[in-house]
Novice: 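Have a look at this one before I ask anything.
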Amino acid sequence: MASTKPIKEIAYYALHILIVLAIVSPLLFALVSSVRPLNDIFKYVSPVTWRTFIPTEITLQAYVDLFKEWAFGTILFNTLLVAVATVLFGIIIGSMAAFSFAKFEFKGKSLLFGFVLLTFMIPFEVIAIPLYRLIDQLNWIDSYYALIVPAVANGLVIFLYRQFFMDLPNALIESALLDGARWWKIYTAIIMPLCKPVSISAGLMLFISQWESFLWPLLVTHSQKFRVIQVALSDFTTEHSTLWNEMFAMAVIAVIIPILILLPLQRYFVQGVTNTGIKE
Amino acid sequence: MAKVKYTPYLFLLPAVLLLLIFKMYPIVLGFKTSLYTESFIGNIESFAGFDNYTGLFTDTVFWKSVYVTLFLNVFINPIQVVLSFILAILLNKKLKGISLFRSINLLPVVVSLPIACILWNIMLSPEQGIVNSILNFLHLPQQPFLASQHQAIWIIIAIATWKGVGYWSVFLLAGLQEVPDSLYEAANIDGASKWEQFKNVTFPLMKRPLTFVTVTDTVTNFLLFAPMYLLTKGGPQNSTNVLMLESYNSAFVYSDPGRASAIVMLLLILILTIIALQFRMLRSKV
């Protein structure tokens, strides 16, 4: 028995390393290519040598040019603004609704909750085209409203908060009521400070979904002024298909920002994800 | 608690209002649009009943698109669910440094599908891609990848799998972690083989997360759109022209919102039917 265990462990490590290679190879490829001079990017692809994988000359010119020549600052600003605004409003509106579902008895409660569940089962892609026509009628095409407002109310976020609020003891609220606190005060001063972990999970979900969103901004923004990163990247690949190093630099930034946010908070992300998928 | 008559409704109001306007109303609007045809001159809409739907049934492009969508899903969903399950089992092993592997596994979650497509597309370029160059180095034949009508759909499956499996395995890993160790110990004492343990202990307890992953993954893949839009435009020879792309093209390329909405409505019905079937199968299987 003792001799089979290390062999098994080595096999597991080998498998894990293979998986890691499969996961990181395109990302490393983008990173390495982004710091190569433009002429070097495809120079060493064939035949395969050590130069294929390790850059011999390193430059950050692509990153500099991105901001200097392609107004990448605006794109980054737009994407962050849209994501952060969605997170803020999404958390407020979602937790308010969840508070109501978890701590009140009222007429039509189960009907309304059923409605919320129904809305998060409707995939966004299915409503994208009619929603586009609605946004068009509202005159919101090419505006931050179009990017933010439809994403703010999210059934999944309401669901997450409700789970958490249901576990909070009612005594907490009752004693505050006896002290004469108003409901709004209870929500802002007692409930919300307690639910930081859920707020982080919900915030991460909203942030990532906005950061990655592509189809919707593609439909509702046409001018450069409201470009977000995913659309900018796909435009860049079709319009400036020879500026490889800048394209890679843009991809690296588009990946690194959410990684830097997700990795330190991954515990909350995993918690949030699993709370929506496993528990009732 | 007599004075809380309106309070719960006030707390609900913003969310419910926004969901009504931006989630429910578009569905109604979509259904309505699918019953109208729009003339090319001006914005005159005329009621067409189910003409948009009956039109689709005699449309060979539509049927080819239905075939491609079903073909894609028959393969991509089992592949992704099985790989996610294997990955979750591997990530559940008690090894030194396992938390590092778990973190790395989360990386594709924040790589958007468009970025994954763009990067893989460059690596898989038939002429100057690094994958063909490595194949060459290993004395293997070079491949056309996305340029081939037989390979394109498989490349899209591979890219979507690269992006998706890490995310789905998070759900399954959480499920595995909730299986109590004592059950395995008991099975060990009873002399159950590894396979018997998996079949009789792990699998039954994993039904809920497995059902969730299967259903959500299926919905995601039926609506998969970005890879085809970015990489193949539905080609070569319509071999990757899924229903979602056909609908997008109807709406924004051919300016036929009636046809686009009818396709989406049929897609929705198709998805709901398949979800109902999956629920039945996963519930009954012991």
Side-chain angles (χ1 to χ4, degrees), chain A residues 9 12-13 15-16 19-20 22-24 26-27 29-30 42 45-48 52 93-94 96-97 99-100 104 106 112 115-116 119 122-123 125-127 129-131 133-134 149-150 152-153 155 158 183 208 212 214-215 230 233-234 237 251 254-255 258-259 262-263 266 270 273-274 277-278, chain B residues 4 7-9 11-12 14-16 18-19 22-27 29-30 33 87 90 93 95 101 103-112 114-115 118-120 123 128 130 133-134 136-137 162 166 170-171 174-175 208-209 212 219 223 225-226 230 244 247 251 257 260-261 264 267-268:
Chain A
E9 259 188 19
Y12 283 135
Y13 277 116
L15 267 173
H16 272 300
I19 295 166
V20 166
I23 291 172
V24 299
L27 305 177
F29 171 70
F42 292 105
V45 162
S46 184
V48 174
T52 313
I93 285 171
M96 276 169 62
F99 180 55
S100 181
F104 289 94
F106 53 91
L112 280 169
F115 163 73
V116 168
T119 60
I122 301 163
E125 288 84 344
V126 167
I127 59 165
I129 294 168
L131 188 59
R133 307 189 100 202
L134 175 66
V149 180
V152 162
I158 299 176
W183 281 104
I208 292 173
E212 291 192 359
F214 169 69
L215 171 64
Q230 306 293 340
L233 189 57
S234 97
T237 48
V255 171
I259 285 182
L262 177 72
L263 282 188
Q266 56 174 303
V270 170
V273 160
T274 47
I278 294 180
Chain B
V4 296
T7 318
Y9 299 107
F11 273 103
L12 277 175
V16 169
L18 285 171
L19 288 174
F22 296 108
K23 290 265 153 66
M24 287 317 274
Y25 178 61
I27 294 212
L29 198 66
T33 310
L87 186 58
L90 283 173
K93 297 282 175 213
L95 296 172
F101 292 128
S103 297
I104 291 173
N105 184 52
L106 283 178
L107 293 182
V109 171
V110 294
V111 180
S112 71
I115 293 183
I118 291 166
L119 294 181
W120 279 107
M123 292 172 61
Q128 50 183 4
I130 194 165
S133 153
I134 291 171
N136 196 32
F137 180 74
W162 179 87
V170 173
F171 295 92
R208 180 188 283 277
F212 177 84
V219 174
L223 301 165
F225 161 83
L230 288 168
M244 207 47 223
S247 167
S261 299
V264 166
L267 188 57
L268 193 59

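Here the structure is a predicted model, which means the values were calculated and not measured. The chains referred to below are lettered A, B, ... by the order of the sequence lines, with proteins before strands, and numbering in each begins at 1.
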Novice: Is any side-chain heavy atom of B:Leu223 less than 4.5 Å from a side-chain heavy atom of A:Val126?
Specialist: yes

Novice: Quick one: what part of B:Val219 sits under 4.5 Å from any heavy atom of chain A, side chain, backbone, both or neither?
Specialist: side chain

Novice: Are any side-chain N or O atoms of B:Trp162 and backbone N or O atoms of A:Ala22, one a donor and one an acceptor, separated by less than 3.5 Å?
Specialist: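 Yes: the side chain of B:Trp162 pairs with the backbone of A:Ala22.
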
Novice: Starting at CG of A:Leu262, measure out to CG of B:Leu107 and round the result to the nearest 0.5 Å.
Specialist: 8.5 Å

Novice: Is it the side chain or the backbone of B:Leu268 that comes within 4.5 Å of chain A heavy atoms, both, or neither?
Specialist: side chain

Novice: Take A:Ile158 and B:Leu19 through the side-chain contact (heavy atoms from CB on, under 4.5 Å) test and state the conclusion after the steps.
Specialist: CA-CA 11 Å; A:Ile158 299 176; B:Leu19 288 174; 4.2 Å; yes

Novice: What part of B:Leu230 lies closer than 4.5 angstrom to a heavy atom of chain A: side chain, backbone, both or neither?
Specialist: side chain

Novice: Taking all non-hydrogen atoms of both residues, which atom of A:Pro130 and which atom of B:Leu29 are closest, and how far apart?
Specialist: O-CD2, 3.4 Å

Novice: Measuring from A:Tyr13:OH to B:Leu90:CG, what's the distance to the nearest 0.5 Å?
Specialist: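 Output value for this atom pair is 12.5 Å.
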
Novice: Chain A heavy atoms under 4.5 Å from B:Ile118: which part of the residue, side chain, backbone, both or neither?
Specialist: side chain

Novice: Within the structure provided, determine whether A:Ile129 and B:Pro257 are in side-chain contact (heavy-atom separation under 4.5 Å).
Specialist: no

Novice: With sequence neighbours left out, what residues match A:Glu212 under salt bridge (Lys or Arg N to Asp or Glu O under 4.0 Å)?
Specialist: B:Lys163

Novice: With rounding to the nearest 0.5 Å, note down the distance linking CG in A:Leu134 to OH in B:Tyr25.
Specialist: 6.0 Å

Novice: Check the orientation of A:His16 and B:Phe101. Use parallel for under 30°, tilted for 30 to 60°, and perpendicular for over 60°.
Specialist: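 Plane angle under 30°, so parallel.
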
